[in-house]
Undergrad: 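Sharing a structure with you now.
Below, each value reflects all heavy atoms present in this structure, side chains not excepted, and no hydrogens, waters or symmetry copies. Worth saying up front: this structure is predicted, and the values here are computed from it rather than measured.
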Amino acid sequence: MGWELHIVRTENWFDSSNDPITSEEWLQLVYNDEELSIDNKNGDFFATWNVHQPHNEPWLEWYDGRIYTKQPCETLYCKMLQIAVKLDAVVVDDDDRKYLLPSDLMNPSWANSSADTEKKSSLWRKVISRLFP
């Protein structure tokens, strides 16, 4: 298993087909970036990042209007931020939390925010207030 990061143009990564990054956009970006190359043995939209990484082989894949990878290292995460800017998109995790800063992978700016907790709490308050008026 593992966690994923996604480059999307939507609020939720699973809605990426509603405002997709097209496969053509992805391929054009890969072909114009000296550090990326399509690895056809893994699929038509599977790209490897050609930088020396001692413990892993960094990759990105386009699927259903989004670009994603699993458990990226910090340098690949920063590459994802660069790609997101070029595609007018954002980087989000599996819980749709936005990653905006280079430091967000190791120390997410949203981690110290109580906004997520408040959002969930207020949703529960609404549900409970409707169930038990």
Undergrad: Mind checking what makes salt bridge (charged side-chain N to carboxylate O under 4.0 Å, His left out) contact with Glu25, not counting sequence neighbours?
TA: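 For Glu25, the residues satisfying salt bridge (charged side-chain N to carboxylate O under 4.0 Å, His left out) (neighbours in sequence not counted) are Arg9.
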Undergrad: For Glu11, which residues count as a salt bridge (charged side-chain N to carboxylate O under 4.0 Å, His left out) partner, sequence neighbours excluded?
TA: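 Salt bridge (charged side-chain N to carboxylate O under 4.0 Å, His left out) check on Glu11 returns Lys98.
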Undergrad: What distance separates Ile67 CD1 from His6 NE2, expressed to the nearest 0.5 Å?
TA: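 With rounding to 0.5 Å, CD1 (Ile67) is 12.0 Å from NE2 (His6).
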Undergrad: Please enumerate all residues that pass salt bridge (charged side-chain N to carboxylate O under 4.0 Å, His left out) together with Asp88, with sequence neighbours excluded.
TA: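 Salt bridge (charged side-chain N to carboxylate O under 4.0 Å, His left out) check on Asp88 returns nothing, list empty.
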Undergrad: Can you list the residues that meet the side-chain hydrogen bond (donor to acceptor under 3.5 Å, both in side chains) rule with Glu35, with sequence neighbours excluded?
TA: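 side-chain hydrogen bond (donor to acceptor under 3.5 Å, both in side chains) check on Glu35 returns Trp49, Lys79.
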Undergrad: Who passes side chain to side chain contact (heavy atoms under 4.5 Å, CB included) against Asp44, sequence neighbours left out?
TA: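 Asn40.
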Undergrad: Taking side chain as C-beta onward, heavy atoms only, is Asp15 less than 4.5 Å from Val8?
TA: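 A side-chain contact is absent here, since even the closest heavy-atom pair is not under 4.5 Å.
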Undergrad: Among residues at least two apart in sequence or on other chains, which ones pass ring-ring contact (aromatic ring centres under 6.0 Å, His included) with Trp59?
TA: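 If we apply the ring-ring contact (aromatic ring centres under 6.0 Å, His included) test to Trp59, skipping adjacent residues, the hits are Phe46, Tyr68.
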Undergrad: Which residues pass the salt bridge (charged side-chain N to carboxylate O under 4.0 Å, His left out) test with Asp64, not counting sequence neighbours?
TA: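 For Asp64 there are no salt bridge (charged side-chain N to carboxylate O under 4.0 Å, His left out) partners, ignoring immediate neighbours.
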Undergrad: Who pairs with Ser37 by side-chain hydrogen bond (donor to acceptor under 3.5 Å, both in side chains), at least two apart in sequence or on another chain?
TA: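 With neighbours one apart ignored, the set is Thr48, Asn50.
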Undergrad: Going by side-chain heavy atoms closer than 4.5 Å, which hydrophobic residues are tied to Val85, directly or by a chain of links?
TA: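 Grouped by the 4.5 Å side-chain rule, Val85 forms a cluster of one, so the answer is none.
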Undergrad: For Asn42, enumerate each residue passing the side-chain hydrogen bond (donor to acceptor under 3.5 Å, both in side chains) test, keeping only those at least two apart in sequence or located in another chain.
TA: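 In terms of side-chain hydrogen bond (donor to acceptor under 3.5 Å, both in side chains), with neighbours along the sequence ignored, Asn42 is linked to Asp39.
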Undergrad: Taking atom OH of Tyr63 as the centre, does the number of heavy atoms from other residues, nucleotides or ligands within less than 6.0 Å exceed 12?
TA: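 For Tyr63, atom OH is not crowded (no more than 12 foreign heavy atoms under 6.0 Å).
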Undergrad: Apply side-chain hydrogen bond (donor to acceptor under 3.5 Å, both in side chains) to Asp96 and list each qualifying residue two or more places apart in sequence or on a separate chain.
TA: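 Partners of Asp96 under the side-chain hydrogen bond (donor to acceptor under 3.5 Å, both in side chains) test: none.
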